[in-house]
Each structure stands twice: as C-alpha cells, then as structure tokens.
Amino acid sequence: MVSERTEVQVRPGVEEDLDALTDIYNHYVRETPITFDTAAFTPEERRPWLLSHPEDGPHRLMVATDADTQEILGYATSSPYRAKAAYDTSVEVTVYVAPHASRRGIGTLLYKALFEALADEDLHRAYAGIAQPNEASTRLHERFGFRYVGTYREVGRKFGRYWDVAWYEKQL
Ligand SMILES: CC(C)(COP(=O)(O)OP(=O)(O)OC[C@H]1O[C@@H](n2cnc3c(N)ncnc32)[C@H](O)[C@@H]1OP(=O)(O)O)[C@@H](O)C(=O)NCCC(=O)NCCS
C-alpha cells in the first residue's frame with residue numbers, strides 16, 4: 001500500500017519503464033471497461049506506444065514514482081487526437097494509477113506535470129474519453145478544467161456488453 005506520506009516524484013517516461021507501465025495498463029485491460037483494449041499486451045507489443053511519447057513535443061509520457069523505492073505508481077500521456085493534420089493542435093490525454101496507489105493525489109500530480117509540460121507546445125485543445133461510469137476519472141478531469149461535451153452511447157463492447165463513453169474537453 002502506498003501511504004499518504006509516500007513521496008511521489010513525476011518525470012518523463014523512459015524505455016526502462018516499459019515492463020512496469022505495461023503491468024499497470026494490463027490490469028485495467030483485463031479487469032475493467034475503462035480502456036477498450038480487450039487483450040493484455042506484452043512489453044514488446046507496447047514498446048511502439050512508449051516510443052511515440054518522447055521527452056519533448058506535444059505527445060508526452062509522464063511517470064510517477066515512489067521517491068524511496070523508484071516503484072512506478074502511475075502514468076499520464078498526451079497522444080494524437082486523430083491523424084489528419086488539422087487535428088495536430090489537439091491531443092487526447094489519459095492517466096492510469098496503479099490500483100494500490102489510487103486516491104493519494106497521484107493522478108492529480110501526473111496531470112499537473114503533464115499540463116505544465118504541454119504549456120509551451122502549439123496545442124489548443126485536450127480531450128478525454130471516459131468510459132462510463134468512472135467517478136474518479138470524472139472528478140480528476142473536472143478538477144483540471146475539463147468540460148463535458150457529450151456521450152457516445154454504447155460505442156464499445158467489452159465483457160459481453162456495450163459501454164458509453166463521455167467526452168470531455170479542455171482549453172490549452
Ligand atoms: C482516475 C485515476 C487516474 C485518479 O487518480 P488518483 O490518483 O486516484 O486521483 P487523486 O487522488 O489525484 O484524486 C483526483 C480526484 O478523484 C477522486 N477520486 C479518486 N479515486 C476515487 C474513487 N475511487 N471514487 C471517487 N472519487 C475518486 C478524488 O476524490 C479527487 O476528486 P476531487 O478533485 O473532487 O477531490 C485513478 O483512479 C485510476 O487510475 N483509475 C483507473 C484508470 C482510469 O480510470 N483512468 C482514466 C481513464 S479516462
């Protein structure tokens with residue numbers, strides 16, 4: 001368990017983080033409808049994702065670590081919203097905290113670091129798609145100024161049923 005006194009540091013993600021980041025993501029792939037990936041990844045399958053988030057530019061990966069043990073506790077990314085060029089000023093953001101480390105302010109620290117890192121980039125909008133229901137994610141995004149845009153109803157099927165995704169938008 002990560003205690004409230006655990007000191008958490010946030011830094012850009014690097015290739016050495018690949019195994020731990022894959023483990024965190026796979027937990028949510030296997031256990032929840034939060035992500036619409038349905039099959040767990042090997043770290044090698046996940047490497048292109050990591051390499052597409054370098055230490056500069058609009059598409060970033062920020063990683064939270066326990067300052068004492070260096071254990072990875074979570075991560076946040078900004079990624080292309082869509083491939084067509086006029087969308088280049090928009091990013092889709094997401095954040096995943098290890099289940100044993102949730103509700104300790106780590107999601108907040110990750111988004112703070114991510115949006116600070118993006119402040120000097122040529123970006124205009126951030127979007128987040130939140131599979132419903134997800135109170136923790138909704139509260140985190142609202143805390144960072146995201147506004148509800150609308151809901152795609154039953155846009156994905158996982159675990160044998162359909163799920164809604166609520167879209168949120170933030171001005172950058
Ligand atoms: C969503 C998530 C990143 C939040 O990270 P966190 O470190 O737990 O969040 P924080 O401790 O910084 O708290 C942020 C807000 O979420 C709320 N929150 C956190 N966990 C909660 C929970 N289980 N239930 C209700 N609210 C919760 C906090 O109260 C806080 O709200 P406030 O700003 O109104 O006080 C984390 O719960 C998580 O990784 N969830 C699974 C993955 C996920 O849903 N990612 C988002 C995909 S869109």
Side-chain angles (χ1 to χ4, degrees), residues 8-66 69-102 106-131 134 136-137 140-141 144 146 152 155-159 163 165-170 172:
V8 178
Q9 291 177 335
V10 179
R11 58 163 174 78
V14 294
E15 276 192 81
E16 290 69 30
D17 302 329
L18 186 58
D19 286 3
L21 294 174
T22 305
D23 281 348
I24 291 173
Y25 188 58
N26 279 341
H27 167 80
Y28 293 106
V29 172
R30 287 193 189 99
E31 306 293 333
T32 77
I34 286 169
T35 166
F36 283 1
D37 276 317
T38 57
F41 289 80
T42 64
E44 276 317 303
E45 289 168 337
R46 200 70 174 146
R47 192 180 294 275
W49 163 83
L50 188 142
L51 295 177
S52 67
H53 296 88
E55 286 191 35
D56 55 10
H59 305 136
R60 304 279 186 121
L61 164 64
M62 304 304 293
V63 168
T65 61
D66 181 318
T69 65
Q70 306 307 315
E71 181 195 0
I72 293 182
L73 302 174
Y75 67 92
T77 55
S78 60
S79 305
Y81 171 67
R82 291 185 76 167
K84 292 175 185 170
Y87 286 119
D88 285 354
T89 52
S90 294
V91 286
E92 184 174 346
V93 295
T94 194
V95 53
Y96 290 89
V97 172
H100 68 282
S102 72
I106 295 171
T108 301
L109 281 176
L110 281 164
Y111 260 4
K112 192 164 174 294
L114 180 66
F115 290 116
E116 281 173 12
L118 296 182
D120 295 331
E121 301 297 334
D122 182 19
L123 290 173
H124 191 57
R125 288 286 186 273
Y127 293 93
I130 305 179
N134 188 338
S137 182
L140 178 64
H141 286 89
F144 279 86
F146 281 79
Y152 288 6
V155 64
R157 188 172 62 196
K158 188 170 179 179
F159 305 138
W163 301 90
V165 172
W167 283 91
Y168 286 75
E169 177 185 71
K170 175 180 164 68
L172 296 177

task: Test side-chain contact (heavy atoms from CB on, under 4.5 Å) on R157 and T38 and set out the steps.
output: CA-CA 9 Å; R157 188 172 62 196; T38 57; over 6 Å; no
message: Students often mix this up, so state it plainly: with edges at 30° and 60°, are the rings of Y75 and W49 parallel, tilted or perpendicular?
response: perpendicular
task: Would you check if the side chain of K158 reaches a backbone N or O of I34 as a donor-acceptor pair within less than 3.5 Å?
output: no
query: In Å, rounded to the nearest 0.5 Å, how long is the span from OG1 of T32 to NE2 of H27?
result: 6.5 Å
- prompt: Passes side-chain contact (heavy atoms from CB on, under 4.5 Å), T22 versus T42? Steps please.
  reply: CA-CA 7 Å; T22 305; T42 64; over 6 Å; no
task: Test side-chain contact (heavy atoms from CB on, under 4.5 Å) on Y96 and L110 and set out the steps.
output: CA-CA 9 Å; Y96 290 89; L110 281 164; over 6 Å; no
query: In this structure, are over 12 heavy atoms from other groups packed under 6.0 Å from R82 atom CZ?
result: no
task: Could you tell me how the ring of Y81 sits relative to the ring of W167: parallel (under 30°), tilted (30 to 60°) or perpendicular (over 60°)?
output: perpendicular
From CZ (R125) to CG (L172), nearest 0.5 Å: 8.0 Å
Y25 and F41 aromatic ring geometry - parallel, tilted or perpendicular at 30°/60° bounds: tilted
task: Inspect the surroundings of NZ in K112 and state if more than 12 heavy atoms from other residues, nucleotides or ligands are less than 6.0 Å away.
output: no
query: Can you tell me how far CE of M62 sits from NE2 of H53, rounded to the nearest 0.5 angstrom?
result: 12.5 Å
- prompt: For the side chain of T35 and the backbone of V29, is there at least one donor-acceptor N/O pair under 3.5 Å apart?
  reply: no
field: Atom pair CZ (R46) and CG (L21), whose distance is rounded to the nearest 0.5 Å
entry: 8.5 Å
field: Over 12 non-hydrogen atoms of neighbours within 6.0 angstrom of CZ in F36
entry: yes
- prompt: Applying salt bridge (charged side-chain N to carboxylate O under 4.0 Å, His left out), which residue pairs with at least one partner in residues 17-35 are found, sequence neighbours left out?
  reply: R11-D17
- request: Under the side-chain contact (heavy atoms from CB on, under 4.5 Å) rule, what do V97 and L73 come out as? Steps first, then yes or no, please.
  value: CA-CA 6 Å; V97 172; L73 302 174; 5.6 Å; no
message: When you measure from the side chain of T69 to the backbone of E71, do you find a donor-acceptor pair of N or O atoms at a distance under 3.5 Å?
response: yes
message: Please verify the inter-ring angle class for F146 with Y111; under 30° counts as parallel, over 60° as perpendicular, anything in between as tilted.
response: parallel
